[in-house]
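Bear in mind that the values here come from a model prediction, so they are computed numbers and not experimental data.
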Amino acid sequence: MTKIKSKTLKVAVAGNPNAGKTTIFNNLTGARQRVGNYSGVTVECMEGTLRRGGLDLRVIDLPGTYSLTAFSEEELVARDYLLHESPDMVINVVDAANLERNLYLTTELLELGLPLIVVLNMSDTAREKGLTIDLAQLADRLGAPVVAAVGHRNQGTEELIETIAKIAVQQADLPRPAGVCRQSGPGVVSLAGVETGGDGALVGFGDQAEGFIKEIIDYLPESSHCRWLAVKLLEEDPEAIKEITDPETRSAVAAVAARFADEAKEASDTLMPAMRYKFIEELMELACRLTPRTGQTRTDRVDRVVLHSVWGVPIFLLMMFVVFTATFTLGNPLMYLIESGFDWMGRTIAGFWPVGAVSPLKSLLVDGVIGGVGGVMIFLPNIVLLFLAIAVLEGTGYMARAAIVMDRFMSKVGLHGKSFIPLLIGFGCTVPAIMATRTLETRRDRLITMMVLPLMSCGARLPIYALMIPAFFPVQWQGPVLWSVYVAGIVLALVLARLLRATVFRGETTPLLMELPPYRMPTPQNLLVQMWTRAWLYVQKAGTVILGAAVILWFLTFFPKPPADYPVSVEVLAAAETVTDDTQTDPLVFSAIQDEGLRQSVELSYSVAGRAGRLLEPVLEPLGFDWRIATALLGAIAAKEVFVAQLGIVFAVEEADEASEDLRSQLRRLYSPLVGLCIMLFALISTPCIATFAITRQEAGSIWWAIAQSWGLTVLAWIVTFGVHQAGLLLGLGVLSGGAT
């Protein structure tokens, strides 16, 4: 390898979606990656490092884009980075099997005047299609080095690194890839076995357009991308116009663009692209030779089945069933191990205090920190397995087909075809489901999907259903009741998505336009990198935002403590079955209580959370709820399954869980089956757990979206539950087993 000088380079990786850009990025950086966000926006980026000899590379994986005319936030981020962050060079990953479409972005990248390396990825697929590409001719005409690669096999990576290194050494001697700017490069320079140089590429837009382009350039400050900017200004690109800060210059340029629009025989935003494609066609005639192949390719044969109008949907549902089942079936033993580990940690720390000792520090560490973080960390195996499954589906090329299969139905309810994957994942856990919305291209589709995802009944709600359904409904009704709760969530999600699309996110539905990549086998390295990156991001959130929220909720349920002479409410005693008659008036003070379960019940009632529950009682009373249920619902903000434990504390039932018959008998004594159904509905629809709130804030990029989701779903829960409860009362369904209502 060429000996290189000590140099740190910032390298941007750009390319069309599904061109294998991230695979090339992973091949270069391996596990030396970190996840971040571009400044001022919510689009996630990946950055990695590569060190060879004295060369340090900081590699940035830009969002996929078809051109530098931005139609989405992701495309705008990619363009702004190239324009304003001044990368030392750009690696343009091109799908060799779809060369004509991919080279459109290449012509624009060349106009930016940045050192460029073109990577012809999926060269094996191009050969299978009978396409032979003359790398030397292509490099010569583009004025940029060209490297052939097969990303999923890690072929071409060393050649690419060698090319980068030579550019770092010979920067002054290399041609600026500005042939499309009507400039000529210097002579031929050997780079990694391919040649570049000559006269350079040349995209001409016709004498008339070129005159207007030159006129606009005269108004612009000198820069490497002034010609590209002039072309975009002539096309009246609104984002390009923002690049001009001087009002007088902006007016002058607008006047030139207006004159061109009047004189041109066709719109500039169609004329310019047409001229680019004309150049690409001429380039392909020179550098490419196509030998038609008879018969169908392997991809064609598989697509005849998986994209079939009849069999496509059942195959997709079966595939998702396998992924969903495997994720949570294989994850359950690991979840148990993690849960056991946190339980052991809690017992160990609690052992530092005498048995029965009351200590705020002990409660903070055991119930707040370990209990709060542990309740979220137990889902880590699900996260790891889930993103491994998604990485496999994306890497093989099936994910793009799944989006097409479901798009017809999903678009009718205001969702994108790709939204079906996160919605399905939501039945397991909402947190990874919201993280899975990253597969959606546009911010609008992401936000709509995020807003309705908590309505998919996650596994954390199952303990509530497992407690309530056997407590209030006979065996023959238990299955249908559970099914009806799940269906209610699905129907509400679809209705809400349609409503959001028609109001808050009003606008044209984004069409599902995507090129279907060929089927291929992803490399273990890429799968492990994607899985590790997502898992580590989840761990970071559990140790920061979620930890802080858990501590706050612990404080609200622990403080203040009742004084020794605090008179215990008869209502609390009745709920704990300490008294049998609500008319009992003999006072009982807190210090006289010996039963530990009853003491916890009184303490919770006296705490901030308990008092808040009493304040909320008038609001929740029309739903059939009292302060006990209100207090338990407040505790469920930390995690939905906490609702059961909170009820156990309220009713002074020790070791309360979803199988507790003592707790069920307490519920049957005080509430009707109608109230039990309303509790399940409210738990299904209302504000999601704190982990979901945190992940929504992170993925949406603003706490206001998380607040809107939380409050909006809570209001919706009140409306739906109120309607069900009042309708049930009218039908005479609000009857206790003893006959009272």
Completion exercise
Correct closest heavy-atom pair for Val431 and Ala691 would be CG2-CB, 3.8 Å
Handout entry: Worked verdict on Ser686 versus Leu713 for side chain to side chain contact (heavy atoms under 4.5 Å, CB included)
Key = CA-CA 5 Å; Ser686 63; Leu713 290 176; 5.9 Å; no
Completion exercise
Closest heavy-atom pair, Leu447 versus Ala700, reported as atoms and distance to 0.1 Å, is CD2-CB, 3.7 Å
Handout entry: Value rounded to 0.5 Å, distance of CZ in Arg498 from CG in Leu494
Key = 11.5 Å
Practice task
Using side-chain contact (heavy atoms from CB on, under 4.5 Å) as the criterion, list what pairs up with Val313, not counting sequence neighbours.
Solution key: Leu317, Val405
Problem - Point-to-point distance, once rounded to the nearest 0.5 Å, from CZ of Phe682 to CG of Leu623 - result: 6.5 Å
Problem - Test item: Arg614 side-chain N/O and Gly610 main-chain N/O as donor-acceptor pair under 3.5 Å - result: no
Problem - Ser607: partners by side chain to side chain donor-acceptor pair (under 3.5 Å), with sequence neighbours left out - result: none
Problem - pair Leu733-Ser672: side-chain heavy atoms closer than 4.5 Å - result: no
Handout entry: Sidechain-backbone polar pair: Ser710 side chain, Ile707 backbone, donor-acceptor under 3.5 Å
Key = no
Exercise for the section: Please report the C-alpha distance between Val302 and Arg401 in whole Å, then the side-chain angles of each, then the deciding distance to 0.1 Å, and finally whether the side chain to side chain contact (heavy atoms under 4.5 Å, CB included) criterion is met. Expected result: CA-CA 11 Å; Val302 175; Arg401 275 83 179 174; over 6 Å; no
Exercise for the section: May I ask you to decide if Pro622's main-chain N or O and His725's side chain share a donor-acceptor pair within less than 3.5 Å? Expected result: yes
Handout entry: Beyond-backbone contact of Arg347 with Asp343, side-chain heavy atoms, under 4.5 angstrom
Key = yes
Exercise for the section: Side-chain contact test, heavy atoms from C-beta onward, threshold under 4.5 Å: evaluate it for Cys689 versus Ile637 and give yes or no. Expected result: no
Problem - pair Ile703-Phe693: side-chain heavy atoms closer than 4.5 Å - result: yes
Practice task
Give the ring-plane orientation class for Phe722 versus Trp718, where under 30° counts as parallel, over 60° as perpendicular and anything between as tilted.
Solution key: parallel
Practice task
Return yes if some donor-acceptor pair links the side-chain N/O of Arg668 with the main-chain N/O of Ala471 below 3.5 Å, else return no.
Solution key: yes
Practice task
With side chain to side chain contact (heavy atoms under 4.5 Å, CB included) as the test, would you mind laying out the steps for Arg628 and Tyr671 before giving the verdict?
Solution key: CA-CA 11 Å; Arg628 307 175 186 88; Tyr671 309 113; 3.7 Å; yes
Completion exercise
Interatomic distance, CD1@Ile434 vs CZ@Arg446, rounded to 0.5 Å, equals 13.0 Å
Exercise for the section: Supply the atom-to-atom distance Leu634 CG to Leu556 CG, rounded to the nearest 0.5 angstrom. Expected result: 8.5 Å
Practice task
To the nearest 0.5 angstrom, please state how far the CG atom of Leu496 sits from the CD1 atom of Ile448.
Solution key: 9.5 Å
Completion exercise
Closest heavy-atom pair, Ala488 versus Leu681, reported as atoms and distance to 0.1 Å, is CB-CD2, 4.3 Å
Problem - Sidechain-backbone polar pair: Thr714 side chain, Thr687 backbone, donor-acceptor under 3.5 Å - result: yes
Practice task
Measure the shortest side-chain to side-chain distance between Ile593 and Val602 over non-hydrogen atoms and say whether it is less than 4.5 angstrom.
Solution key: yes
Handout entry: Pair Arg501 + Asp445, salt bridge at N-O below 4.0 Å
Key = yes
Problem - Residues which pass ring pair (Phe, Tyr, Trp, His ring centres under 6.0 Å) with Tyr606, listed by chain and number, not counting sequence neighbours - result: Tyr566
Exercise for the section: Taking the side chain as every heavy atom from C-beta outward, state whether Val619 and Phe625 have any pair of such atoms under 4.5 Å apart. Expected result: no
Handout entry: Set of residues satisfying side chain to side chain donor-acceptor pair (under 3.5 Å) with respect to Thr696, sequence neighbours excluded
Key = Gln709
Fill in the blank from the handout: Across all chains, not counting sequence neighbours, the ring pair (Phe, Tyr, Trp, His ring centres under 6.0 Å) partners of Tyr519 are none
Handout entry: side-chain contact (heavy atoms from CB on, under 4.5 Å) against Val504, all qualifying residues, sequence neighbours excluded
Key = Leu500, Trp705
Handout entry: Counterpart residues, side chain to side chain donor-acceptor pair (under 3.5 Å), relative to Thr721 (two or more places apart)
Key = none
Practice task
Name all residues meeting the ring pair (Phe, Tyr, Trp, His ring centres under 6.0 Å) criterion together with Tyr336; count only those two or more places apart in sequence or in a different chain, and write none if there are none.
Solution key: none
Practice task
Could you please spell out the steps behind the side chain to side chain contact (heavy atoms under 4.5 Å, CB included) verdict for Thr348 and Met345?
Solution key: CA-CA 5 Å; Thr348 300; Met345 193 183 305; 5.7 Å; no
Exercise for the section: Taking the side chain as every heavy atom from C-beta outward, state whether Leu729 and Gln726 have any pair of such atoms under 4.5 Å apart. Expected result: yes
Problem - side chain to side chain donor-acceptor pair (under 3.5 Å) involving Tyr398 - partner list, sequence neighbours excluded - result: none
Handout entry: Qualifying salt bridge (Lys or Arg N to Asp or Glu O under 4.0 Å) pairs with a residue from residues 601-613, counting only residues at least two apart or across chains
Key = Lys561-Glu603
Problem - Sequence-distant partners of Phe472, ring pair (Phe, Tyr, Trp, His ring centres under 6.0 Å), two or more places apart - result: none
Exercise for the section: Identify the two heavy atoms, one from Arg304 and one from His308, that lie closest to each other, and give their separation to 0.1 Å. Expected result: O-CB, 3.6 Å
Practice task
Kindly say whether Ile629 contributes a backbone atom to a donor-acceptor pair with the side chain of Asp626 at under 3.5 angstrom?
Solution key: yes
Problem - Donor-acceptor contact below 3.5 Å, side chain Gln478 vs main chain Phe473 - result: yes
Problem - Approximate separation, where rounding is to 0.5 Å, of Ile695 CD1 and Thr430 OG1 - result: 11.0 Å
Pair up each side-chain donor or acceptor in residues 458-470 with any protein partner under 3.5 Å, not counting sequence neighbours, and list the distances.
{"from": "Arg461", "atom 1": "NE", "to": "Ala683", "atom 2": "O", "distance (Å)": "3.2"}
{"from": "Arg461", "atom 1": "NE", "to": "Leu684", "atom 2": "O", "distance (Å)": "3.4"}
{"from": "Arg461", "atom 1": "NH1", "to": "Pro454", "atom 2": "O", "distance (Å)": "3.4"}
{"from": "Arg461", "atom 1": "NH1", "to": "Met456", "atom 2": "O", "distance (Å)": "3.4"}
{"from": "Arg461", "atom 1": "NH2", "to": "Pro454", "atom 2": "O", "distance (Å)": "2.9"}
{"from": "Arg461", "atom 1": "NH2", "to": "Leu684", "atom 2": "O", "distance (Å)": "3.1"}
{"from": "Tyr465", "atom 1": "OH", "to": "Ser457", "atom 2": "OG", "distance (Å)": "2.7"}

Problem - Contact summary for Ser419 and Thr449, nearest pair of heavy atoms - result: OG-OG1, 2.9 Å
Problem - Contact summary for Ala630 and Leu616, nearest pair of heavy atoms - result: CB-CB, 4.3 Å
